[in-house]
Amino acid sequence: METTESHGDSLGLEVLIPEAGKEAPCCPHGPTLLFEKLSKGGEAPRRFYACSACRDRKDCNFFQWEDEKVSEERLKARKSENQLKRVGFTQQQQCNRFVKFASLAVHEKRFCQDCQLLLLPAEHGAHSAHSCAAVSTAQLRRPSTLLRPLENKKSYAQYLFTERSAHFLLDTVTALGYNMVLCVGTPRLHEFIKLRNLEEKQPLIKSLLLDIDYRYAQFYKQEEFCHYNMFNHHFFNGESSSAVLQAFLTESQEERVVMVADPPFGGLVKPLAHSFTLMSQTWRKLQSPDSDADMPMIWIFPYFFEPRILECFPSFAMLDYQVDYDNHPLYKHGKTGRKQSPVRLFTNISAKDFILPKDEGYRLCSVCERYVWSLNKHCNKCNLCPSKDGREWKHCSLCEKCVKPSWKHCTTCERCCLPEHPCSQSDETPGCFTCGSLKHKRRACPLRTQRYTHTHTHTHLCPLLLHCSTVLHPLRAGQYIDIQDLSSFLFWRYRKLQYRLCRYTHIYIYIYIYIYIYIYIYNDGPLFYESGITTFIYLFI
């Protein structure tokens, strides 16, 4: 599930949120996502449907172009394949099995480690050749210690909170006054809530687990678990499961509910935000009709996704608390420098209400009035505690902001970056990748959805020559422009657009550019308009 997401002006794939009422074809993991394949040189992007949960085609090979016509035979075959890949037991059957299993004697309780299944006495013989083990009552109460974590990073990468992080989340939720927790992809937090309820020392907390790992269905009741895909807001058991969520949120009218979500690292932010927004809208409709509040959320994700999360949820803020995991090789507590866990808490709850543990290295910043990491020093110039990665950042007076300690200011790029970086390949240059305009980005380009053809070279040259007009305005006003700066600009724009031209076409491009510059200056304005560009170009081909 560690799929990439295209943002800004980078090439690759970009996921598109489906329009209301438009149904997407389904794979075994529910409705697929619509992706847009971005091409170089102004080519028209193509859209296709692919699985929302798996990046590797080996795990789910669904693929369909948006404009592809699918035959009835293929639709029937696809439907049959989806049914064959469904789980063996329904949610109700799993609940009935668990009731029978819990009533068995201790020596009869067996768990098949190969099939990851609780076995009833009648099934022991069929699994005699498998690796089976006895199951204790403590293990039944903590399924995450019994089940083998899923480790396929391209589909179901599953990492579980350490007890330290799980206890912190539960203590924080309790301290904030929430008595209902919607656990989205957080099975260990769900376990800890149920274990604390058994102690009966504190007010009971009701929780509902939504997770794509169906193995947890054999340990919980129907009102405690829903088989759910958070990337497309799909309930695998249909309306019966969605009704469970509806009932849970309906009950929250008289209680305080919070959603705690821990999506797979690198998961697509847009689909996740869309699913969380739909749940928040459902919650809002059950509140006062005039209410415009959002459901309280805690989104657990790496800190470097902060810009994308804030783009979807501007009201969110990132906390300094470092979440660590039992079965992750890197995201461990106690490490220093860049080896620290990059996973943070993003929330729409006031950051001032979160009390981070001082014995783990957090402190209260009296200026920001919130807890931060001990090395996150307050900057009086920026008026905030700027560090994101746990290291002490430094202030750059030229950039007028704090940057990472390993970065240095580059006079060529006019920004702070790593000491060994290619200045000519700076990604910070403004402009639109599609048309070359400096006034907007690619996602806001009016030509983004238009179809382009590459029959003639002048199709590629139009944006470049139009930019000559923009740059040459100071020349006509009598101002001085360094020819090196002009050449660098033209070279960057040519390189940025990366036209698919023949081997020697770039030589002709520079001839066209300088002829255009000459005629522009001495003819008091642009040489060409849409009707005249073809004639001008073909004079020199």
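Salt bridge absent: Glu392 and Lys377 never bring a charged side-chain N and a carboxylate O closer than 4.0 Å. Remark: Arg284 does not engage Asp292 in a salt bridge, criterion side-chain N to carboxylate O under 4.0 Å. With salt bridges taken as basic N to acidic carboxylate O contacts below 4.0 Å, none links Arg415 and Glu400. At a threshold of 4.0 Å, the pair Glu224-Lys194 counts as salt-bridged, since one of the basic side-chain nitrogens sits closer than that to a carboxylate oxygen. Using a cut-off of 4.0 Å between Lys/Arg side-chain N and Asp/Glu carboxylate O, Arg188 and Asp326 are scored as salt-bridged. Salt-bridge annotation for Glu14 and Lys270: present, with a side-chain N of the basic residue lying under 4.0 Å from a carboxylate O of the acidic one. At a threshold of 4.0 Å, the pair Lys206-Glu251 counts as salt-bridged, since one of the basic side-chain nitrogens sits closer than that to a carboxylate oxygen. Note on Arg363 versus Asp320: no salt bridge recorded, every NZ/NE/NH1/NH2 to OD/OE distance being 4.0 Å or above. By the 4.0 Å N-to-carboxylate-O rule, Arg164 lies close enough to Glu360 to be salt-bridged with it.
Every residue two or more places apart in sequence or in another chain that forms a ring pair (Phe, Tyr, Trp, His ring centres under 6.0 Å) with Phe235 is listed here: Tyr228, His233.
Although no hydrogens or angles enter the test, the distance criterion places no donor-acceptor pair under 3.5 Å between the side chain of Thr32 and the main chain of Cys51. Not a single donor-acceptor pair under 3.5 Å links the side chain of Arg391 to the backbone N or O of Lys388. Using modelled atom types, one side-chain atom of Asn229 and one backbone atom of His29 make a donor-acceptor pair closer than 3.5 Å. The main-chain N or O of Cys95 is never found under 3.5 Å from a side-chain atom of Gln218 such that the two would form a donor-acceptor pair. With hydrogens and angles ignored, the 3.5 Å screen pairs a side-chain donor or acceptor of Gln116 with a backbone N or O of Gln113. Of the possible donor and acceptor atoms, one in the side chain of Arg215 sits under 3.5 Å from a partner among the backbone N and O of Arg148. For the pair Asp294 (side chain) and Asn348 (backbone), a donor-acceptor distance under 3.5 Å is absent.
Here the closest non-hydrogen pair linking Ile349 and Ile298 is CD1-CG1, 4.3 Å. Contact between Pro203 and Asn197 at its shortest, heavy atoms only, is O-OD1, 4.5 Å. In terms of heavy-atom proximity, Ser280 sits nearest to Met295 at OG-N, 3.1 Å. Looking at every heavy atom in both residues, Trp373 comes nearest to Gly361 through CE3-O, 3.5 Å. Heavy atoms only, all atoms of each residue included: Ser387 and Gly390 are closest at OG-N, 3.4 Å. Scanning both residues, Ala261 and Thr186, for their nearest heavy atoms gives C-CG2, 4.2 Å.
In this structure, Arg256 forms a cation-pi arrangement with Tyr178, its terminal cationic atom sitting closer than 6.0 Å to the ring centre and no more than 45° off the ring axis. Taking the centre and axis of the six-membered ring of Phe89, the NZ or CZ atom of Arg97 falls inside the cone set by 45° and 6.0 Å.
You'll find the side chain of Phe305 reaches within 4.5 Å of the side chain of Val269, heavy atoms only. Arg196 is listed as a side-chain neighbour of Leu170, based on a closest heavy-atom distance under 4.5 Å. Within the 4.5 Å cutoff, no side-chain heavy atoms of Trp393 are placed close to those of Asn376. Counting only heavy atoms from C-beta outward, the side chains of Arg344 and Gln322 approach each other to under 4.5 Å. In this structure, the side chains of Asp353 and Thr172 stay at 4.5 Å or more apart for every pair of heavy atoms. Considering only heavy atoms from C-beta on, Pro31 stays 4.5 Å or farther from Glu23 through its side chain. Looking at Thr90 and Asn237, their side chains never come closer than 4.5 Å, going by heavy atoms from C-beta outward. The side-chain heavy atoms of Tyr321 and Phe168, taken from C-beta on, include a pair separated by under 4.5 Å.
Among pairs with a residue in residues 187-208, those fulfilling ring-ring contact (aromatic ring centres under 6.0 Å, His included) read His167-Phe192, His190-Tyr220, at least two apart in sequence or across chains.
With values rounded to the nearest 0.5 angstrom, Glu306 atom CD is found 8.0 Å from Ile309 atom CD1. Atom CG of Asp59 sits about 11.5 Å away from atom SG of Cys27, to the nearest 0.5 Å. Trp283 CH2 to Met297 CE: the interatomic distance, rounded to the nearest 0.5 Å, is 9.0 Å. Atom OG in Ser136 sits 9.0 Å away from atom NZ in Lys109 (nearest 0.5 Å). Note that CG of Leu182 and CG of Leu249 are 6.5 Å apart. Values are rounded to the nearest 0.5 Å. Once rounded to the nearest 0.5 Å, the distance linking CG of Leu169 with CG of Leu345 reads 6.0 Å.
With no hydrogens or angles considered, a side-chain donor-acceptor pair links Ser165 and Asp324 at under 3.5 Å. Between the side chains of Ser241 and Gln91, no donor-acceptor pair of N or O atoms lies under 3.5 Å.
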### Task
List the steps and the verdict of side chain to side chain contact (heavy atoms under 4.5 Å, CB included) for Val323 and Thr162.
CA-CA 8 Å; Val323 181; Thr162 59; over 6 Å; no
### Task
Start with the C-alpha distance between Gln246 and Thr282, add both sets of side-chain angles, then the distance that settles side-chain hydrogen bond (donor to acceptor under 3.5 Å, both in side chains), and finish with yes or no.
CA-CA 8 Å; Gln246 183 79 16; Thr282 303; 5.1 Å; no
#### Entry: Phe63 vs Phe48, ring pair (Phe, Tyr, Trp, His ring centres under 6.0 Å): CA-CA, chis, key distance, verdict
CA-CA 7 Å; Phe63 182 91; Phe48 63 90; 4.9 Å; yes
### Task
Just do the side chain to side chain contact (heavy atoms under 4.5 Å, CB included) check on Ser240 and Gln92 with the steps written out, would you?
CA-CA 10 Å; Ser240 60; Gln92 184 61 51; over 6 Å; no
### Query
Which is it for Leu146 and Phe219 under the side chain to side chain contact (heavy atoms under 4.5 Å, CB included) test, yes or no, and what are the steps along the way?
CA-CA 11 Å; Leu146 187 63; Phe219 297 93; 3.9 Å; yes
### Query
Taking it one step at a time, do His409 and Val403 satisfy side chain to side chain contact (heavy atoms under 4.5 Å, CB included)?
CA-CA 10 Å; His409 191 85; Val403 296; over 6 Å; no
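Below 30°, between 30° and 60°, or above 60°: for Tyr325 and Phe265 the angle between ring planes is above 60°, a perpendicular geometry. Between His227 and Phe236, the ring planes are parallel. Angles under 30° get that label, and only those over 60° would be called perpendicular.
With ring centers used as reference points, Tyr362 lies 6.0 Å or more from Tyr371. Outside the 6.0 Å centre-distance limit, the rings of Phe301 and Phe346 are not counted as a close aromatic pair.
Within a 6.0 Å sphere centred on CG of Leu140, heavy atoms belonging to other residues, nucleotides or ligands number more than 12. Counting heavy atoms of neighbouring residues, nucleotides and ligands inside a 6.0 Å radius, atom CD of Glu414 does not exceed 12 of them. The 12-atom threshold is exceeded at NZ of Lys394, counting heavy atoms of other residues, nucleotides or ligands nearer than 6.0 Å.
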